[in-house]
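By convention in this document, chain letters (A, B, ...) are assigned in the order of the sequence lines, proteins followed by strands, and residues within each chain are numbered from 1.
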Amino acid sequence: MQGRYEPSEVEARWQAHWEKTGLFKVCEEPGKPKYYCMEMFPYPSGKIHMGHVRNYTIGDVVARYKRMRGFNVLHPMGWDAFGMPAENAAIANNTHPARWTYENIAYMTKQLRSMGFSYDWDREVATCKPEYYRWEQWLFLKMYEKGMAYRKEADVNWCETCGTVLANEQVEQGQCWRCGTEVIQKKLRQWFFRITDYAEDLLEYCNKLPGWPEKVLTMQVNWIGKSHGAELTFPVEGSETVIRVFTTRPDTLAGATFMALAPEHPLVAELSAGKPEEAAVREFVDRASRMERIRRTSDDYEKEGVFTGTFCLNPLTGRKMPVYTANFALMEYGTGAVMSVPTHDQRDFLFARKYKLPLIVVIQPRDAEPLSPESMAEAYTGPGVLVNSGEFDGMDNEEAKRAITAALEKKGLGKQTINFRLRDWGISRQRYWGAPIPMIHCDKCGVVPVPESDLPVVLPEGADLLPGGLSPLPTHPYFAKTRCPKCGSENARRETDTMDTFVESSWYFERYTSPHCDTAMFDPAAARYWMPVDQYIGGVEHAILHLLYSRYYTRVLSEFGLVDFKEPFTRLLTQGMVCKETVKCPEHGFLFPDQAEGSGQNRTCKLCGKPVVIGRMEKMSKSKRNVVDPAELLARYGADTVRLFCLFAAPPERDLDWSEQGVEGSSRFLMRVFRLVEQHLPAVAEAKSYADDPEKLAPALRSLFRKTHQVIAKVTRDIEDRFHFNTAISAVMELTNELSSLPEGTEAERPAVLRAAIENLVLLLSPIVPHLCEELWEALGMPPSILNATWPSYDEKAAAVDEVTVVVQVNGKLRARFTAAKDTEEKELERTALGDENVLRFLNGKAPRKVITVKNKLVNIVV
RNA sequence: GCGAGAGUGGCGGAAUUGGUAGACGCGCUGGACUUAGGAUCCAGUUCCGUAAGGAAUGGGAGUUCAAGUCUCCCCUCUCGCACCA
């Protein structure tokens, strides 16, 4: 090594070396402690973006650090390869989803390799390959057998023009994202996973995941949405029919004056049949189903409803309650019917006011003006005492919840229940580019599972998408038409829906443990050795869906005895977004940085000359034109600089503000380290790292040696305890600063002390900037790879300080400071402090009333 | 509306259990070396003040010898959920 540091040359050389020596390949080594470090695998969208770079850099540092700490580290990478973008790209570029996907994988693999990540590429997984999804199909069959996968009719977003189902994400303001047609709700028979069976367990374990961010757990808890309440039965007047409702407020039952059914509620048609209101009801229901999407995205839509023409009876008071169908009642929550209590529910209050429905106060607050229907401006939802509730009058409302439910239960009209917001996981997608659901529909036998021996049901990769992006599967000559495995009939059709891509990502981490296993989803022994994942790292945008599905799927695997744990991820780190400032022209909207000229706040638009607005930091996105392409950075600065900046600019869980100058700074620091090592190399080449008594050293060397060990301690703690790489790096920078400001000298111990500082500097930095450190490590005459070196341990004695700065406060204000030997007695510190000139000046002759002394820290004199 | 998180110099961010607020880096200022510097090195850089000193961690109160850190109230921002019965 000599001369200038050329990252591109150095990085290419070491990457080749790592690959040649198979440095990152791992296998089970019983007896050696394992560590499974995994980052969320990418969708092969075309090229990597800064979010990937940040995510994978964090993971790589953890993996490398743990390996140097003696762990057998599994650090895999793969591709979440099924999904819509491939279909869109195929339509746009007149190619095939498979081809597009595989080309992207090839390109992105190259990009990831050039970042120097320590992946065991032999374990690469791509979910679109039959050898992967066949096992997902296999599990689907098992789940079907056990009733964990089932088929039912359900509402979906439907675009009439495109003739297809849309994912929620593809509905924009109630319209199809592609053609703009108004999206309607349509009932289709869909496959579901019974995740609700695990609602309670998934919730309970939210309290048993100490390694997860509080934020994510809270989001999951809210999503699962457990609420305690009662299911009550309301008889319909003059009929055998009953309406069942779920309520969390059975105590307010006597105040229920009307009933609201969701427009989709099956009783709506029945109750309005033959009534004068029938036409109006039908019109309303029709409109509601069309409006569904739009009204969910608008904040101030009107609560509306229509009387069905029928009454039901309040099971407590016998009061006649008009039955409405109303847009605020949701079919997917509770029973789809709401007992409406206008006095004690704000929504019901607004509705009642609009339709002039009666108000009955049944809860009176204890310490406030009594409520009256005439004077109420809003519903009262607080605690209180029951009134107008017959035998329950005077009862505390919390107590009344139980009492009223119990009373109704005796009459067979109610029971305590628990309701969850979580709904079963609909996994059917009317899409082509996904894993086929292994089922067959036979005219005679109905739904028949594909026999295990016929797996995988291979997605025909020769098929092309139909116009409008339609799946070719339903009309595919070989795929759709098939024989019934049960009766042999030729009149059978394959299920042509594919599975939600979230199914694939719910078990890929288990597959990584034995990616080539062709007799099972994964080798149980390998999974037993590696799982669960010790550290999972990814974006918070997956806080609910992917992480909840994975937790569920793992429970399913556990149910089948395939794994012996329930929680797949012991620790989770959610990294923040990568942001950059936006540049906006009043005329031309968002600009690319090079479309503005000038500097600072005085930039103008090149197109029109108007002053531009420098916006605040926002997540990098194409539409905001504030993306930075990792490929360009890589070419300009090399991987190490990019890695360093990503880690140094912010702690991992926070958003990272991109700064071109910050990247320059990181690059400069690496150059500086390189020069520093190069400069000291002749002196330390023959030396052995100092390990003798620190007391023997002259002050300057003693100080450098102390700093070295303090920094080892600090970096180790920062990485181990909290993944705060930014402060770890700043500590190494301090060591670098101390090293470069070391005064000249000729002490005998100098080479050894310098050697210790440099060796440790390189070791500490090596998980962060591995290429440079390999280079320096080799230059120091050490055998490659530095990844096989042991993480340095620090010497308490070497790190210890012998002098401390003691500050002196007078009435809590800093007035003086002095140095004292470490552990000087309090009395002695107090004496020194009271003798200080400046302190005496502030005491101004007054006698101290009290003196607080903290050893090694401060003396506070109170007068 | 509900839930969570955050608010510290010109900027990104430090501050282990209450004990020197601003580590480290960016930027900026001055200087050195240079044909030149957008390289490198040295010095400085929270604000006000020539200084002594004073003020300062979103705002306000409180606990304490001592508060960025603990308690209460308020404000702002970000994220998530959102007609949840």
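- The nucleotide whose nearest atom lies closest to any side-chain atom of A:A329 is, among B:rU40, B:rA85, B:rG25, B:rA85.
- Within the 4.0 angstrom heavy-atom criterion, no nucleotide atom of any strand lies near A:N811.
- For A:Q661, counting side-chain heavy atoms from C-beta on, the closest listed nucleotide (B:rC65, B:rU20, B:rG27) is B:rG27.
- Between the P atoms of B:rG44 and B:rA23, the separation comes to 13 Å (whole Å).
- Heavy atoms of A:T335 sit nowhere under 4.0 angstrom from any nucleic acid atom.
- Distance NZ (A:K303) to P (B:rG1): 14 Å, rounded to an integer number of Å.
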So A:F669 and A:F648, ring pair (Phe, Tyr, Trp, His ring centres under 6.0 Å) or not? Walk me through it.
CA-CA 11 Å; A:F669 172 68; A:F648 181 57; 8.0 Å; no
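- Within the 4.0 angstrom heavy-atom criterion, only backbone atoms of the sugar-phosphate kind lie near A:T218; the bases stay farther away.
- Side-chain contact check for A:N838 and A:R817: no donor-acceptor pair (N or O, by modelled atom type) lies under 3.5 Å.
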What string of B, S and - do you get for nucleotides 12-18 of chain B, 5' to 3', when a contact is any protein heavy atom under 4.0 Å?
BSSSB--
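- When each of B:rC65, B:rA39, B:rC84 is scored by its nearest atom to the side-chain atoms of A:L330, the top-ranked nucleotide is B:rC84.
- In this structure, of B:rG3, B:rA39, B:rG19, it is B:rA39 that holds the atom nearest to the side chain of A:R668.
- Residue A:F842 places its side chain closer to B:rG53 than to any other of B:rG3, B:rC41, B:rG53.
- Between B:rA52 and A:R841, no contact under 4.0 Å exists linking OP1 or OP2 to a side-chain N or O.
- Counting non-hydrogen atoms under 4.0 angstrom, A:R672 reaches the backbone sugars and phosphates but no base.
- A 4.5 Å side-chain heavy-atom check between A:T252 and A:T343 finds every atom pair outside the cut-off.
- Considering only side-chain N and O atoms, A:N737 lies under 4.0 angstrom from the phosphate OP1 or OP2 of B:rG25.
- One side chain, A:E664 or A:Y637, offers a donor N or O that lies under 3.5 Å from an acceptor on the other.
- For B:rG60, the O4'-C1' to base torsion is more than 90° from 0; the nucleotide is therefore anti.
- Using atom C1' as the reference point in both B:rG12 and B:rG49, the two lie 30 Å apart (nearest Å).
- Contact annotation for A:R423: no contact, since no heavy-atom pair falls under 4.0 Å across all strands.
- One interatomic measurement links the two molecules: CZ of A:R636 to P of B:rG38, which rounds to 16 Å at whole-angstrom precision.
- When distances run from any side-chain atom of A:Y333 to the nucleotides B:rG27, B:rC84, B:rU40, the shortest one goes to B:rC84.
- Residue contacts shown for A:Q809 include a base, since a base heavy atom lies under 4.0 Å away.
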